[in-house]
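Below is one structure, written out as structure tokens; the observations come after it.
Chain letters run A, B, ... following the sequence lines, proteins first and then strands; every chain starts at 1. Hydrogens, waters and symmetry mates are skipped; everything else that's a heavy atom, side chains included, is used.
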2 protein chains.
Amino acid sequence: MAKKSEIKLIGTVASPFVNRVQFVLNLKSIEYEYIEENLACKSELLLTSNPVHKKVPVLIHANKPPICESLIIIEYLDEIKPDVHRILPSDPLERADNRFWANYIDNKFFPLYEEMRVTPGKEGKDAIKKRIIEGSVLLEEAFIKFSRGKTYFGGDDVGYLDVVLGCFIAWTKFTEKNNEFKVFDEVRTPRLVEWVKRIWSHEAVKDVIPGNEVLVNFYMMLQKYRPPRAV
Amino acid sequence: MAKKSEIKLIGTVASPFVNRVQFVLNLKSIEYEYIEENLACKSELLLTSNPVHKKVPVLIHANKPPICESLIIIEYLDEIKPDVHRILPSDPLERADNRFWANYIDNKFFPLYEEMRVTPGKEGKDAIKKRIIEGSVLLEEAFIKFSRGKTYFGGDDVGYLDVVLGCFIAWTKFTEKNNEFKVFDEVRTPRLVEWVKRIWSHEAVKDVIPGNEVLVNFYMMLQKYRPPRAV
């Protein structure tokens, strides 16, 4: 097991991408030093660790070169510690299918929340809502396929897609509240409604999910630095 | 080795993402059936194989569920046939670093070529050129790091990043010619200039790279269906 100081994680508490790395570190019982970053005034450590994107999360393992981007970090952690709570399945086809849906969630689904924030006017927002709802149905179908009647995308316990989608629960609830609609609901996505409750109370997750105040502060920062588009 | 009919690849000859899968199939001496897709009128096979994105490439292995997205397909091929021409290195940190640069190339660098096409006016295009040139310098530095004084990103022979960046050579030359500038040049990126020549004549690559006529036709289709933005 890694010693306490062997793994450092540069992050910010409001970032779902950071939270997801924390989920995996917890699942694998890897101790780590957490370094909170101020995104409004980025540290020298972040700028030199991720000079290309200048973004969190960054993971530094025993003074080796830093590793950037959450999905890449997760695969790294799964490769250096495959014996404790394997995240990706071992079958190549299932791995491919997991990666496909992770990309869908990161590149198509979650960006719609930000699109909702910056899109002005009811008509524009309603069009985004429609796309989020279409996406939620695809995710429900994916859940049915992956879970095979069990509790998580990963089956009996949390797997790759539980981590990937699970880190967005706090922002999902925040987006629902802000926009008066449900991303996941009992009629359209009954299994994901149950899944959200289970993930939310999972031992490895519950101390990582940011509270409402953290989200509100981050949202205010976004509104200031990347304001909604003009009507 | 896979039998001829065991692997099917749905693609279009002008797509660098399809070409990159073909590189890997050739490197691994995997025979496959190639099915050319007409993107202007998508086939039932494509729509049912990739209902989420409706894009090529799609790989179908022995009637199993289809695999979509080029980088995911490449990792799959590397996992089912690791003994012939390993594409990703085995060290977890090097794997992470390779994946990082692959994402940079796909999500930051190559999209600038399309951005160049749709951006109107000299001033707008010059700003994109500047970003492409900045990217080329980052890629030269990455090449120096990965190649360790040898011939390819992968060292003595073609590796993951050779495949990932190599598939864009034809579109690079096309973009250079169309916009009267050099993406890679002797002064700024001397090693990549040499690397381009080597990739271009590599046995696994040379029959896959699309000819100029193919690119011109594809470009005309793009101009028609996704015309440049108005000034």
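Around NZ of K182(B), the count of heavy atoms belonging to other residues, nucleotides or ligands within 6.0 Å does not exceed 12. In this structure, R86(A) places its CZ atom where more than 12 heavy-atom neighbours from other residues, nucleotides or ligands lie under 6.0 Å away. Residue N63(B) places its CG atom among 12 or fewer non-hydrogen atoms of other residues, nucleotides or ligands, all under 6.0 Å distant. Summarising the local packing, NZ of K129(A) is surrounded by more than 12 heavy atoms from other residues, nucleotides or ligands at distances under 6.0 Å. The local environment of CZ in R131(B) is sparse, with at most 12 non-hydrogen atoms from other residues, nucleotides or ligands closer than 6.0 Å. Heavy-atom neighbours of K130(A) NZ from other residues, nucleotides or ligands within 6.0 Å: at or below the threshold of 12.
Of the atoms belonging to N103(A), it is side-chain heavy atoms, and not backbone ones, that fall under 4.5 Å from chain B. Using a 4.5 Å cut-off between heavy atoms, N50(B) contacts chain A through its side chain alone, with no backbone atom that close. With a 4.5 Å cut-off on non-hydrogen atoms, P65(A) touches chain B through its backbone and its side chain both.
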| Checking side chain to side chain contact (heavy atoms under 4.5 Å, CB included) for the pair E69(B)/Y104(A): CA distance, chi angles, key distance, verdict? | CA-CA 11 Å; E69(B) 296 188 39; Y104(A) 172 77; over 6 Å; no
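Distance check, rounded to the nearest 0.5 Å: CZ of R99(A) to CD1 of I67(B) gives 10.5 Å.
Taking the side chain as every heavy atom from C-beta outward, R95(A) and E79(B) approach each other to under 4.5 Å.
Across every non-hydrogen atom of L93(A) and Y76(B), the tightest pair is N-CE1, 3.6 Å.
Contacts with chain A were tallied for I80(B), V52(B), L138(B); V52(B) has the most, counting heavy-atom pairs under 4.5 Å.
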